[in-house]
Amino acid sequence: MLPIIAALLSAMPGPPPRAVMPKGAIQEITLAPIFRYRFMCSEHPAGELDYAGDALGADCLVFGGMDGDTGFAKLYRGDGGVNADWYGWHTDVLAPVNGVVAFVYDNPRVNTPGRLGPPPAGTVRIRTTDGVIVTMGHLTNLRVHVGDTVAAGQVLGVDGNNGNARAPHIHIGAYREANNEPLQICWDLRALAKTTPFAG
């Protein structure tokens with residue numbers, strides 16, 4: 001029994017390193033869309049979160065609710081009380097960069113919307129050729145493994161609701177591996193124009 005527990009613990013993600021905020025201007029990284037559908041993100045401002053993969057990151061959710069020329073952008077149908085109400089629930093999550101998968105943790109736990117779950121989140125970290133780590137959290141049903149080479153737009157898994165989350169969404173952050181400096185997330189707006197409104 002002890003070897004099984006040790007193996008499980010060694011597979012659990014440790015936190016990323018502590019962020020080292022730059023003294024001058026905050027650098028940024030431009031990422032490809034993480035969903036095929038339109039999505040919106042809430043950013044974590046400087047100083048809100050401590051870890052390099054969290055600091056300056058964003059929490060992104062698919063939205064729907066618009067039908068042609070009518071309706072309002074909404075994050076969920078009904079009252080959002082079940083995961084299936086949320087437009088992003090179990091939609092494909094796409095790699096935002098080209099790189100090599102540096103870390104994977106698949107968390108099969110499913111949180112109830114509105115209730116914060118325990119860490120850790122289902123996580124994928126991708127290392128780019130220029131030494132940036134892009135980390136994504138709250139995925140499930142992962143389709144990649146450590147050492148895999150991925151291309152922007154490739155499916156990594158699906159949008160889940162696990163770890164320290166209250167609703168289906170994807171957290172995304174990026175930092176320079178050499179000095180743990182977090183980067184501000186910017187989106188490739190031309191690529192975003194190719195995403196589609198959620199239908200259904």
> In the structure I gave you, are the side-chain heavy atoms of Val97 and Val132 within less than 4.5 Å of one another anywhere?
no

> Return the minimal non-hydrogen interatomic distance between Ala32 and Trp187, and the atom names on each side.
O-CZ3, 3.3 Å

> Measure across Leu49 and Ala55 and return the closest heavy-atom pair with its distance rounded to 0.1 Å.
O-CB, 3.5 Å

> Specify the closest pair of heavy atoms between Leu183 and Leu56, including all atoms of both residues, with the distance to one decimal.
O-CB, 3.7 Å

> Return the orientation label for the His171 and His44 ring planes: parallel under 30°, perpendicular over 60°, tilted otherwise.
tilted

> Determine whether a donor-acceptor pair (N or O, by modelled atom type, separation under 3.5 Å) exists between the side chain of Trp86 and the backbone of Leu75.
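Judged by distance alone, no pair lies under 3.5 Å.
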
> If two hydrophobic side chains count as joined below 4.5 Å and joins carry through other members, does Val101 share a cluster with Ile29?
yes

> Counting N and O atoms only, with roles assigned by atom type, does the side chain of Asn162 sit under 3.5 Å from a partner on the main chain of Leu139, one being a donor and the other an acceptor?
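The answer is yes, because a donor-acceptor pair under 3.5 Å joins these two groups.
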
> Evaluate the side-chain proximity of Pro113 to Asp85: yes if any heavy-atom separation is below 4.5 Å, no if none is.
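In short, these two side chains do not touch, never coming nearer than 4.5 Å.
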
> Do you reckon Val62 sits in the same ILVMFWY cluster as Trp89, going by side-chain contacts under 4.5 Å, direct or chained?
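No, because Val62 and Trp89 fall into different hydrophobic clusters, even though each may have its own neighbours under 4.5 Å.
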
> May I ask you to check whether over 12 heavy atoms, not counting those of Tyr76, lie within 6.0 Å of atom OH?
no

> Identify the heavy atoms of Met21 and Ala46 that sit nearest to each other, and give their distance.
CE-CB, 3.7 Å

> Less than 4.5 Å apart, side chain to side chain, heavy atoms only: is that true for Asn83 and His90?
no

> Should Tyr51 and Arg18 count as side-chain neighbours, where that means a heavy-atom distance under 4.5 Å?
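They are in contact (side-chain heavy atoms under 4.5 Å apart), so the answer is yes.
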
> Using only atom types and a distance under 3.5 Å, with no angle test, would you say the side chain of Asn98 pairs donor to acceptor with the backbone of Ala152?
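Yes: the side chain of Asn98 pairs with the backbone of Ala152.
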
> Are the side chains of Ser42 and His169 in touch, meaning some heavy atoms are under 4.5 Å apart?
no

> Spell out, as yes or no, whether a donor-acceptor pair under 3.5 Å connects the side chain of Asn111 to the backbone of Gly163.
yes

> At what distance, to the nearest 0.5 angstrom, does CE of Met40 lie from CG of Leu61?
8.0 Å

> Show the numbers, then the answer: is there a side-chain contact (heavy atoms from CB on, under 4.5 Å) between Ile126 and Leu156?
CA-CA 10 Å; Ile126 301 169; Leu156 302 174; 4.1 Å; yes

> Considering the options Thr195, Asp92, Thr91, which one meets the side chain to side chain donor-acceptor pair (under 3.5 Å) requirement together with Arg36?
Asp92

> Judged by atom type as modelled, is there a donor-acceptor pair below 3.5 Å linking the side chain of Asp148 to the main-chain atoms of His145?
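Flag set: sc Asp148 to bb His145 pair under 3.5 Å.
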
> Please say yes or no: joined through hydrophobic side-chain contacts below 4.5 Å, possibly via intermediate residues, are Val93 and Tyr87 part of one cluster?
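Yes.
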
> Group every Ile, Leu, Val, Met, Phe, Trp and Tyr by side-chain heavy-atom contacts under 4.5 Å, then state whether Val104 and Ile133 land in the same group.
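In one cluster with Val104: Ile133, no.
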
> Below 4.5 Å, heavy atoms only, C-beta onward: do Val20 and Asn179 meet side chain to side chain?
no

> Which pair of non-hydrogen atoms, one from Lys74 and one from Gly65, has the smallest distance, and what is that distance?
CE-CA, 4.0 Å

> Using a 4.5 Å cut-off on heavy atoms from C-beta on, say whether the side chain of Ile172 contacts that of Cys60.
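With C-beta onward as the side chain, the pair touches.
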
> If we ignore hydrogens and angles and just use 3.5 Å, is the side chain of Asn164 paired with the main-chain N or O of Pro118 as donor and acceptor?
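No; judged by distance alone, with no hydrogens or angles, the pair does not exist.
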
> Verify the cluster assignment for Phe35 and Val134: are they in a single hydrophobic cluster under the rule of side-chain heavy atoms below 4.5 Å apart?
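Cluster IDs for Phe35 and Val134 match.
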
> Determine the minimum heavy-atom distance between Tyr37 and Pro197, stating which atoms define it.
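It is CD2-O, 4.1 Å.
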
> Are side-chain heavy atoms of Phe39 and Leu192 found at a separation under 4.5 Å?
yes

